[in-house]
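Notes follow the structure.
Just so we're on the same page: letters track the sequence lines, and every chain starts at 1.
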Amino acid sequence: MNLRDVLEQRISSAIQAAGGEDAPAMVAPSAKPQFGDYQANGCMAAAKRMETNPRQFAETVLDKLDISDIAQKVEIAGPGFINIFLRDEWLCGRLGDIAADEKLGVAAKAQPQTVVVDYSSPNLAKEMHVGHLRSTIIGDALARVLEFLGNKVIRQNHVGDWGTQFGMLLTHLDEVGQSGESLADLEDFYRDSKKRFDEDEDFADTARQAVVKLQAGDEHCRENWRRFLDISLAHCQEVYDLLGVQLTAADVRGESAYNDDLPRVVADLDTATLLAESQGARGVFLDEFKNKDDERAFIIVEKSGGGYLYATTDLAAIRYRTGELGATRILYVTDSRQGQHFAQVFLIAQKAGFASPEISLEHVPFGMMLGDDGKPFKTRTGGTVKLMDLLAQARAEAEELVRRKTPGLDDDHYAAVAKAVGIGALKYADLAQNRTSDYVFAWDKMLSLEGNTAPYMQYAYARIRSIFRKAAEAGEPAADSQEAGIVITAPAERNLAVKLLQFAETIDAVAATTMPNILCGYLFELAGAFMSFYEACPVLKSHGQTRSSRLALCDLTARVIQKALELLGIETLEQM
RNA sequence: GCGCCUGUAGCUCAGCUGGAUAGAGCAGCGGUCUUCUAAACCGCAGGUCAGAGGUUCGAGUCCUCUCAGGCGCGCCA
């Protein structure tokens, strides 16, 4: 049950009844406690359109508003705000509802969509590096959230497995032999190949021929190519597993998968009378965009030599996704620099009829990861940071910290905590940021374990679990949230209760905006509300109904935190 | 030249699509552990929202211009 939607509907219909047409109620959580739990801001705008006094109009709306079952008090404030103070008993009732609900009040969407989420998409010619991290983490979180809402989510790992660089890799593979050893470090292998390519003209020629042979379906080249991809994909899978990212081999559909379809894409653009020729290349002119010379942009789909480009592949992918996969919404989680490219591809796809107007094509952009010097994140020596190394460091840093903070536990425990905390901190630091802006990557900040970080949430969860362990040790029945009723007796309980009920509207907002940081912001408020409750309201030392109610609140909080972290792809721990 | 993004407290960032007196976390200062995990909690201080105009009941948010930084714009992805 989306609390905000409930209020929105009630008040909107009151506004309508008051003569305000279909003006939205514009319900939002109140800015300050004295303004109640929620405020409706729509009366001012509606009154303006009607050319009446906003306060008077708000009065009329209140007359039409039947909300006494939900709100204990509704008042008009300022120029025409409606402030809503929710009824404690009603809050408690709704808490009972979500406690009994596996999905914690998040209702399945009335009309589920088929959503394709295109994310991660590393270049298989190289090892995964920090440049792939944000797409992988953000995309995975969005896929989980959309799935949780009941949508059919199809993950697509659009890996780069078909570029010209494969000619050079295959040639080098032939030269150095096919031992697994030579491919142990893909980054080294790539660098060696590149070096040969740049320095040896014969090698370069052979490499270029290899590309042609590969694309022509030459048996030997195909075999080597397949072998190379297997190794590279296995490496990716290792990273995904370690990261707790849900991508599998089944989600991989690389550029090569669209190869046979590319001539048809060009032919269909021609049929749609979009295709033009310029300097031997074929492409689409777009009046909507301009090039460097201030002329209309020309998007090339077929090179003068006959090869295809990424715009072509992306167009083929759109058609596959809307056609074969039946997607009605497609998300592209890539860095913001590709914004213009996608705007152009989407436009062409729509003009050509590859995607009908109802289908939502969305670029989900994100900014760069910067070092603390404000420049793109690199190793100290200026090299690319491998994802594997980064993850190893995350665990090492976390383990050092855990051993220091909580001494005297066994090694297995430290290893488990280090993984959950280290990887969690890394992912959370990324997700908590508004994805559109660049963000400064700093170990000490994300592992400082203070503020809006994964460990703070994990700690809140662990504290709750500890309460239940204590209760069990004492042999007392620890009533859970599904059985015991919740009563509100203290302000801290009330704050926590309202936060718990806002889980559903938060999830809806994340799905609508594709902004995971909204969920992180919510978690921080929820965990904060719990911490305050924890300090102010003794649980095990209280008695009777208060005790069982507080235990129920604890249990419900734990479940919401766990679910929210799970949707972000972050583990929880029974003990830290 | 055209276009996109960014500019908010000393630092790192929010700001729910136009709402009330702009919020957090670090860092700083001051409190709270014989009491369910102090990796915590409570409080104080900190602001010309880059700048200038404009739109209106109301602007960090929308429009115009300026400044600063980043990125992109025909055969790489």
ask   = Looking at A:Lys499, A:Lys32, A:Arg494, which one forms a salt bridge (charged side-chain N to carboxylate O under 4.0 Å, His left out) with A:Asp37?
value =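 Only match with A:Asp37 under salt bridge (charged side-chain N to carboxylate O under 4.0 Å, His left out): A:Arg494.
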Donor-acceptor contact below 3.5 Å, side chain [X] vs main chain [Y]:
X	Y	result
A:Gln575	A:Ala462	no
A:Thr572	A:Gln562	no
A:Asn452	A:Phe524	no
A:Gln433	A:Tyr439	no
A:Glu493	A:Ala490	yes

Within less than 4.0 Å of OP1 or OP2 of [N], is there a side-chain N or O belonging to [X]?
X	N	value
A:Lys303	B:C76	yes
A:Lys32	B:G23	yes
A:Thr334	B:A77	no
A:Asn291	B:G1	no
A:Ser336	B:G72	no

Consider the side chain of [X], meaning its heavy atoms from C-beta on, and name the nucleotide among [options] that approaches it most closely.
X	options	value
A:Asn434	B:U21, B:C41, B:A14	B:A14
A:Met44	B:A38, B:G19, B:C75	B:G19
A:Val440	B:A20, B:U12, B:C16	B:U12
A:Gln279	B:C41, B:C75, B:A20	B:C75
A:Leu309	B:G18, B:C76, B:A20	B:C76
A:Ala462	B:A20, B:U37, B:A39	B:U37
A:Arg4	B:C57, B:C75, B:C16	B:C16
A:Asp294	B:A20, B:A38, B:C2	B:C2
A:Gln39	B:U37, B:A39, B:A20	B:A20
A:Asn83	B:U37, B:A20, B:G18	B:A20

Distance check, [atom1] atoms only: [N] and [M], in whole angstrom units.
N	M	atom1	result
B:C26	B:A40	C1'	16 Å
B:C13	B:U8	C1'	9 Å
B:C16	B:U35	P	43 Å
B:C41	B:A68	C1'	41 Å
B:C42	B:G25	P	9 Å
B:G10	B:C4	C1'	31 Å
B:A14	B:G58	P	29 Å

Tell me whether the side-chain N or O atoms of [X] pair up with the base of [N] as donor and acceptor below 3.5 Å, since no angle test is needed here.
X	N	result
A:Arg463	B:C36	no
A:Ser30	B:A20	no
A:Tyr459	B:A39	no
A:Asp335	B:A77	no

For [N], what is the paired nucleotide under Watson-Crick or G-U wobble rules, both distances under 3.5 Å?
N	value
B:C62	B:G54
B:C49	none
B:A24	B:U12
B:A40	B:U32
B:A68	B:U6
B:C73	B:G1

Students often get this wrong, so: under 4.0 angstrom with heavy atoms, is [X] touching a base, only sugar-phosphate, or nothing?
X	value
A:Gln575	base
A:Glu505	nothing
A:Cys43	nothing
A:Ala77	base
A:Ser437	sugar-phosphate
A:Ala281	base
A:Met515	nothing
A:Asp314	nothing
A:Phe524	sugar-phosphate
A:Thr313	nothing
A:Pro455	nothing
A:Phe35	base

[X] [atom1] to [N] [atom2], straight-line distance once rounded to whole Å:
X	N	atom1	atom2	result
A:His363	B:C4	NE2	P	15 Å
A:Phe298	B:G72	CZ	P	22 Å
A:Gln340	B:G74	CD	P	9 Å
A:Lys405	B:A39	NZ	P	6 Å
A:Lys292	B:C75	NZ	P	8 Å

query = Is B:U34 in the syn or the anti form, by the rule that syn lies within 90° of 0?
reply =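 With its glycosidic angle more than 90° from zero, B:U34 counts as anti.
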B:C42: syn or anti, per glycosidic angle within 90° of 0 = anti
task = Test ring-ring contact (aromatic ring centres under 6.0 Å, His included) on A:His129 and A:Phe377 and set out the steps.
result = CA-CA 11 Å; A:His129 56 85; A:Phe377 187 54; over 10 Å; no
task = Kindly confirm or rule out a cation-pi arrangement of A:Arg550 over A:Tyr534, judged by NZ or CZ under 6.0 Å from the six-membered ring centre and within 45° of its axis?
result =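 No, a cation-pi geometry is absent between A:Arg550 and A:Tyr534.
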ask   = If you draw the axis of the six-membered ring of A:Phe289, does the NZ or CZ of A:Arg296 fall within 45° of it and under 6.0 Å from the ring centre?
value =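 No cation-pi geometry.
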inquiry  = I want to know whether A:Phe346 and A:Tyr332 have ring centres closer than 6.0 Å.
reply    =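 Under 6.0 Å, so yes.
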task = Flag as yes if A:Tyr456 stacks onto the base of B:A39 (centroids under 5.5 Å, planes under 30°), otherwise no.
result =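 Stack criterion not met.
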